[in-house]
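Here is the structure we will look at, set down as structure tokens.
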Amino acid sequence: ATYNQQIAKVETVPGKDNKTVDVIFTWKVGSGPDASDALTTYTIYGTGDIVLWNRLAPSTPTLPLIPQVGLTFAMPEGFEEVEYYGRGPVENYWDRKRGSHVGVYSTTVDDMFTPYLKPQEMGNRSDVRYAAIRNASGAGLLISGMPKFEFSALHYTAEELGAKGHAYELEKNPKTFVRLNWGMQGVGGDDSWSQRGKPHPEFTLPPHRHYMWMARLSPLAPGEDPMVKSKTQFGDIPRPDPWESQLEDKGY
């Protein structure tokens with residue numbers, strides 16, 4: 001679906017106090033009659049902070065299960081240091097996180113790589129409250145959950161990980177590819193020969209619901225405490241309803 005998405009409309013809406021501006025993208029995700037509706041709003045503040053609001057409305061309940069709901073972006077070369085407040089210290093997933101405890105962890109982009117014999121999905125961290133990705137001088141980007149998110153930061157795109165048969169074939173990119181997800185289906189793997197190898201239903205993203213999520217992107221100065229900055233309040237930000245579940249049943 002990602003490779004067939006199209007922008008249907010772009011709007012800019014100034015904030016009431018002229019201190020913010022909303023840039024609103026309306027998308028068609030997928031192609032043909034089953035293309036789904038998506039909406040992305042960037043509320044941009046004069047401080048450089050961006051509040052990101054996303055909504056995905058699958059077009060029909062007969063679509064396949066959704067692998068993940070989120071976005072991916074690239075940071076320039078040199079952003080190698082990672083600190084996050086979430087589950088760690090090793091990779092963990094929706095149905096593979098009971099042994100990963102919530103805490104504040106420091107790592108690097110290189111160390112978020114898991115050297116599987118065959119390159120595949122890797123490096124995810126779940127139940128994350130904030131993630132800070134910095135360069136050697138300490139400047140960087142802060143991602144704050146509203147309330148939580150999943151993320152990974154790697155030198156490889158998902159496409160390359162899926163295309164290579166062996167780890168030695170991977171070509172390390174100097175950029176840092178950040179995947180920011182509301183959620184991803186579970187790993188599954190109770191066994192490798194029956195239906196139990198698939199993720200359990202409670203760890204999947206079905207197509208009969210709307211998915212709504214928010215996050216905040218903030219610039220980080222050298223020496224700035226990401227824990228403190230992640231708690232900065234931005235006043236009355238409209239939140240999807242129901243907020244706690246982040247999901248809305250479409251009534252199918």
Side-chain angles (χ1 to χ4, degrees), residues 1-13 21-44 50-75 93-95 120-124 126 128 131 143 145-154 156-163 175 177-188 198-199 201-217 237-243 245-252:
T2 297
Y3 302 121
N4 293 309
Q5 64 188 13
Q6 294 183 344
I7 299 175
K9 183 170 63 173
V10 180
E11 303 173 87
T12 56
V13 181
V21 63
D22 287 347
V23 183
I24 306 168
F25 288 83
T26 303
W27 305 83
K28 283 291 186 180
V29 181
S31 59
D34 287 337
S36 300
D37 294 320
L39 184 72
T40 302
T41 298
Y42 301 88
T43 300
I44 304 169
I50 299 174
V51 172
L52 178 67
W53 186 84
N54 283 276
R55 180 186 182 109
L56 173 65
S59 59
T60 169
T62 61
L63 288 173
L65 293 174
I66 302 169
Q68 56 187 318
V69 175
L71 58 87
T72 301
F73 57 90
M75 296 181 67
Y93 291 82
W94 196 1
D95 59 350
Q120 56 192 277
E121 161 59 38
M122 65 175 66
N124 191 67
S126 60
V128 178
I143 306 170
M146 300 176 75
K148 292 183 287 187
F149 61 95
E150 298 186 4
F151 92 105
S152 66
L154 299 167
Y156 310 94
T157 63
E159 290 78 12
E160 183 170 16
L161 292 175
K175 295 181 180 179
F177 296 99
V178 180
R179 186 181 57 199
L180 168 58
N181 276 345
W182 172 83
M184 181 193 311
Q185 74 172 16
V187 176
K198 297 180 180 181
E202 62 268 31
F203 301 116
T204 59
L205 303 175
H208 64 269
R209 292 173 170 172
H210 288 187
Y211 293 86
M212 299 174 289
W213 61 283
M214 297 175 71
R216 191 173 88 238
L217 309 179
I237 298 174
R239 295 184 172 186
D241 182 31
W243 177 244
S245 68
Q246 304 278 304
L247 294 173
E248 177 186 343
D249 199 298
K250 292 185 69 175
Y252 289 125

When the side chains of residues 35-43 are checked against the rest of the protein, which donor-acceptor pairs come out under 3.5 Å, sequence neighbours left out?
{"from": "Ser36", "atom 1": "OG", "to": "Ser59", "atom 2": "N", "distance (Å)": "3.0"}
{"from": "Asp37", "atom 1": "OD1", "to": "Lys28", "atom 2": "NZ", "distance (Å)": "2.6"}
{"from": "Thr40", "atom 1": "OG1", "to": "Trp27", "atom 2": "NE1", "distance (Å)": "3.2"}
{"from": "Thr40", "atom 1": "OG1", "to": "Asn54", "atom 2": "OD1", "distance (Å)": "2.9"}
{"from": "Thr43", "atom 1": "OG1", "to": "Asp22", "atom 2": "OD1", "distance (Å)": "2.7"}

TODO: Go through Phe177 and Lys175 one step at a time and tell me if the side chain to side chain contact (heavy atoms under 4.5 Å, CB included) criterion holds.
DONE: CA-CA 6 Å; Phe177 296 99; Lys175 295 181 180 179; 4.3 Å; yes
Task: Donor on one side chain, acceptor on other, Tyr93 and Glu121, under 3.5 Å - done: yes
Task: Contact check, side chains of Val29 and Thr2, non-hydrogen atoms, under 4.5 Å - done: no
TODO: Taking all non-hydrogen atoms of both residues into account, name the closest pair between Asp95 and Val187 and its distance.
DONE: OD1-N, 2.8 Å
Task: Distance-minimising heavy-atom pair for Leu161 and Gln120 - done: CD1-O, 3.6 Å
Task: Shortest non-hydrogen separation from Ser152 to Met122 and the atoms involved - done: CB-O, 4.2 Å
TODO: Indicate yes or no: at least one non-hydrogen side-chain atom of Thr204 is less than 4.5 angstrom from one of Trp94.
DONE: no
TODO: Give the minimum heavy-atom separation between Arg179 and Thr72, together with the two atoms involved.
DONE: CG-OG1, 3.7 Å
Open item on the list: Could you check whether any side-chain heavy atom of Leu71 comes within less than 4.5 Å of a side-chain heavy atom of Asn181, counting everything from C-beta outward?
Closed with: no
TODO: Step through the shown structure and confirm whether more than 12 heavy atoms of other residues, nucleotides or ligands are within 6.0 Å of CD on Gln6.
DONE: no
Task: Main-chain N/O of Leu63 paired to Thr60 side chain as donor or acceptor, under 3.5 Å - done: no
Task: From OG (Ser126) to CZ (Phe149), nearest 0.5 Å - done: 11.0 Å
TODO: Supply the atom-to-atom distance Asn4 CG to Asp34 CG, rounded to the nearest 0.5 angstrom.
DONE: 12.0 Å
Task: Any side-chain heavy-atom pair of Leu56 and Ile66 under 4.5 Å - done: yes
Open item on the list: Between Ile24 and Trp53, does the side chain to side chain contact (heavy atoms under 4.5 Å, CB included) criterion hold? Intermediate values first, please.
Closed with: CA-CA 9 Å; Ile24 306 168; Trp53 186 84; over 6 Å; no
TODO: Run the numbers on Arg216 and Met146 for side chain to side chain contact (heavy atoms under 4.5 Å, CB included), then give the verdict.
DONE: CA-CA 7 Å; Arg216 191 173 88 238; Met146 300 176 75; 4.2 Å; yes
Task: Shortest non-hydrogen separation from Phe151 to Val128 and the atoms involved - done: CD2-CG2, 3.9 Å
- [ ] Answer yes or no: is there a side-chain heavy-atom contact under 4.5 Å between Leu180 and Ile143?
- [x] yes
- [ ] Run the ring-centre check on Trp182 versus Tyr211 and record whether the distance is less than 6.0 Å.
- [x] yes
Open item on the list: Looking at every non-hydrogen atom in both residues, tell me the closest pair between Leu65 and Pro207 and how far apart they are.
Closed with: CD2-CD, 4.4 Å
Open item on the list: For a 4.5 angstrom cut-off between non-hydrogen side-chain atoms, does Arg55 reach His210?
Closed with: yes
Task: Validation row: Lys198, Phe203 side chains within 4.5 angstrom (heavy atoms) - done: no
- [ ] Let me see the working for Val178 and Met75 under side chain to side chain contact (heavy atoms under 4.5 Å, CB included), right down to the final yes or no.
- [x] CA-CA 7 Å; Val178 180; Met75 296 181 67; 3.8 Å; yes
